[in-house]
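Working notes, structure below.
Residue numbers run from 1 in the order of the sequence given. In what follows, every heavy atom counts, from backbone to side chain, and hydrogens, waters and symmetry copies are set aside. Every value quoted in this text rests on a predicted model; they were computed, and no experiment measured them.
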Amino acid sequence: MYQQEKLAKGIDWMVVFLYAALVGIGILCIFMVEYNPDINWASAFVSGQTEYSKQLIFAGVCAILAIFILLSDSKLYTAFANLAYLFGILLMLATFVLGKNINGSRSWIPLGGGFNLQPAELCKIFTSLALAKYLSMQELDFSKLRSQIIATIIAMLPAMISILQNETGLALVYCCFFIVMFREGLPGAILLIGFSFGVLVVATLIMDPDLLAIILTAIAIATIYLLRKKIKRSRRILALIIFVWAACVGIQRFAVPYIFNNILQCYQSTRVYSMVGKVYDCSKNKSSMAREEENKTYAKPDDYNVRQSKIAIGSGGIFGRGFLKGTQTRGKYVPEQQTDFVFTSIGEAFGFVGCAIFLLTYLALLFRIVKIAERQRSVFSRVYAYCVASIFLMHIAINVCMTVGLFPVVGIPLPLVSYGGSSLVTFTILIFIMLRLDADRQMVLR
């Protein structure tokens with residue numbers, strides 16, 4: 001009786017309901033893609049041979065995990081946050097020895113029975129806990145540069161290992177922790193610089209280098225003219241403008257071409273260029289795989305992926321073709337339909353209305369998580385809840401934009417919906433640790 005009261009007391013059941021709804025939608029989407037009329041669907045669901053039956057098994061495991069987390073003590077998560085982070089980093093490093101290469105990424109550890117573990121997914125939980133632990137330190141002054149650098153290292157160390165594993169998509173997700181740091185006092189100028197860098201990279205890809213250099217120079221001259229009175233009082237402003245101008249020109253002239261031709265592999269550069277409607281010349285690529293892959297045409301496969309995804313979503317129209325009536329998704333024209341492109345099955349089957357309702361479900365979950373974050377007395381609980389919201393937001397935004405051609409194909413799953421045990425377990429643990437902390441929100445955790 002006591003355990004039942006502890007399980008129910010203080011739990012935000014709206015989040016539990018939204019979580020269960022999204023997991024159910026995910027199983028339904030995988031079923032729509034994989035359905036075979038010649039096979040008894042009821043027996044297939046319990047056979048464990050199909051991907052939708054495996055996802056159902058994953059959901060059952062996650063339900064047990066969720067109950068276990070809700071019955072646990074909130075103080076465990078503060079006590080073992082740093083140790084868990086260290087374990088996550090070691091687990092990611094272990095992939096270089098024990099890892100299995102899947103789709104060109106050595107970020108999986110085989111567990112047997114056809115199941116694989118992706119440590120980079122789980123490490124998002126450990127990073128969230130470690131960042132919450134650090135930012136909740138009583139003596140911490142986050143306005144100081146040293147504190148900001150340490151928090152950045154905590155957040156970005158797993159991202160750097162992910163890049164070495166050739167998992168650039170997952171590495172990108174770790175950038176969401178800057179949103180959390182901004183909420184806790186990171187200067188907005190840093191986020192502005194990051195956004196400006198992104199804009200400069202895109203401009204470098206779509207514009208002539210000489211023209212862009214002229215535009216940057218014109219902006220610098222105009223800024224000097226507008227601030228001429230302040231510059232007379234302080235020459236430092238002029239020096240700063242010149243430095244920023246030189247940095248921007250250097251980035252567009254040298255840094256961006258170097259990254260695309262020497263750091264990124266040919267297929268990765270092609271995907272980014274494809275997003276902005278450009279074709280990348282693989283003969284310029286100096287990466288280790290360039291020579292092996294230079295005879296392949298990467299634009300076609302990537303264009304094919306996104307083009308088929310757009311066709312599938314567009315063919316759904318306003319109200320969709322109906323359940324199990326999609327021609328693109330049922331015909332296996334869309335690649336990775338159960339994982340990265342699972343959103344296309346919703347678009348084709350249920351149309352614009354179905355997509356809107358589905359995205360509103362995500363929006364309701366995000367708003368609820370932010371509400372939970374803001375009602376916490378403990379800095380640890382608040383930071384952790386914002387980490388959960390930021391991870392969900394990054395995954396949703398990148399995945400949906402990826403399927404409609406607004407972002408490069410980087411292999412980011414749709415939270416709670418895409419097929420995959422590692423992904424589902426990760427998001428389940430993230431949510432239910434947050435609910436456990438929220439249930440004890442009157443406590444001050446550090």
Side-chain angles (χ1 to χ4, degrees), residues 18-66 102-103 108 111 113-118 121 169 305 308-309 311-313 315-316 320-351 354-355 357-359 361-362 365 392 395-396 398-400 402-404 409-429 431:
L18 292 170
Y19 162 84
L22 287 166
V23 172
I25 291 171
I27 296 172
L28 180 69
C29 290
I30 298 167
F31 175 74
M32 284 194 297
V33 170
E34 208 178 5
Y35 173 72
N36 186 343
D38 297 327
I39 299 176
N40 184 284
W41 65 269
S43 61
F45 254 112
V46 296
S47 66
Q49 301 300 314
T50 59
E51 290 191 343
Y52 54 83
S53 64
K54 289 180 181 179
Q55 191 74 353
L56 187 62
I57 294 172
F58 294 146
V61 171
C62 287
I64 296 172
L65 271 174
I102 298 179
N103 295 330
W108 300 83
L111 300 178
F115 296 101
N116 300 293
L117 174 69
Q118 191 172 29
E121 281 282 355
N305 293 356
Q308 293 298 326
S309 175
I311 292 171
I313 295 173
S315 66
R321 289 178 171 270
F323 183 63
L324 297 178
K325 295 180 179 178
T327 56
Q328 291 295 116
T329 51
R330 291 291 312 284
K332 311 295 183 185
Y333 292 106
V334 183
E336 305 295 338
Q337 296 174 95
Q338 296 95 326
T339 53
D340 299 343
F341 287 86
V342 71
F343 183 70
T344 59
S345 62
I346 298 173
E348 187 174 30
F350 305 109
C355 288
I357 295 172
F358 173 70
L359 293 176
T361 305
Y362 269 132
L365 178 63
F392 267 81
H395 270 267
I396 296 164
I398 292 177
N399 183 276
V400 173
M402 184 178 73
T403 58
V404 296
V409 180
V410 290
I412 294 292
L414 200 56
L416 307 175
V417 176
S418 292
Y419 171 78
S422 294
S423 175
L424 185 58
V425 167
T426 297
F427 287 111
T428 298
I429 295 175
I431 284 180

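- Residues Tyr362 and Val400 form no side-chain contact, since every pair of their non-hydrogen atoms from C-beta on lies 4.5 Å or further apart.
- Between Phe31 and Tyr52, the ring planes are perpendicular. Angles over 60° get that label, and only those under 30° would be called parallel.
- The side chain to side chain donor-acceptor pair (under 3.5 Å) search around Thr428 returns Tyr19, not counting sequence neighbours.
- Note that SG of Cys29 is 13.0 Å distant from CD of Glu34, once rounded to the nearest 0.5 Å.
- Residues Ile313 and Val404 form a side-chain contact, since some pair of their non-hydrogen atoms from C-beta on lies under 4.5 Å apart.
- To the nearest 0.5 Å, the span separating OG1 on Thr426 from CG on Leu416 amounts to 10.5 Å.
- Rounding to the nearest 0.5 angstrom, the gap separating the CD atom in Gln55 from the CD1 atom in Ile27 is 6.0 Å.
- For Phe350, there are no ring pair (Phe, Tyr, Trp, His ring centres under 6.0 Å) partners at least two apart in sequence or on another chain.
- Taking the side chain as every heavy atom from C-beta outward, Val342 and Tyr419 never approach each other to under 4.5 Å.
- Every side chain to side chain contact (heavy atoms under 4.5 Å, CB included) that Asn399 has, sequence neighbours left out, goes to Phe343, Met402, Thr403, Leu414.
- Proximity of Val33 to Thr344: side-chain heavy atoms (C-beta onward) are nowhere separated by under 4.5 Å.
- Residues Glu121 and Pro413 approach most closely at OE2-CG, 3.7 Å, considering heavy atoms.
- Distance CD1/Ile30 to OG/Ser418: 7.5 Å, rounded to 0.5 Å.
- Within the 4.5 Å cutoff, the side chain of Phe427 has heavy atoms near those of the His395 side chain.
- When side chains are defined from C-beta on, Phe58 does not count as touching Val23, because their heavy atoms never get closer than 4.5 Å.
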*Under the side-chain contact (heavy atoms from CB on, under 4.5 Å) criterion, do Thr361 and Leu22 qualify, and how do the steps go?*
CA-CA 8 Å; Thr361 305; Leu22 287 166; 3.9 Å; yes

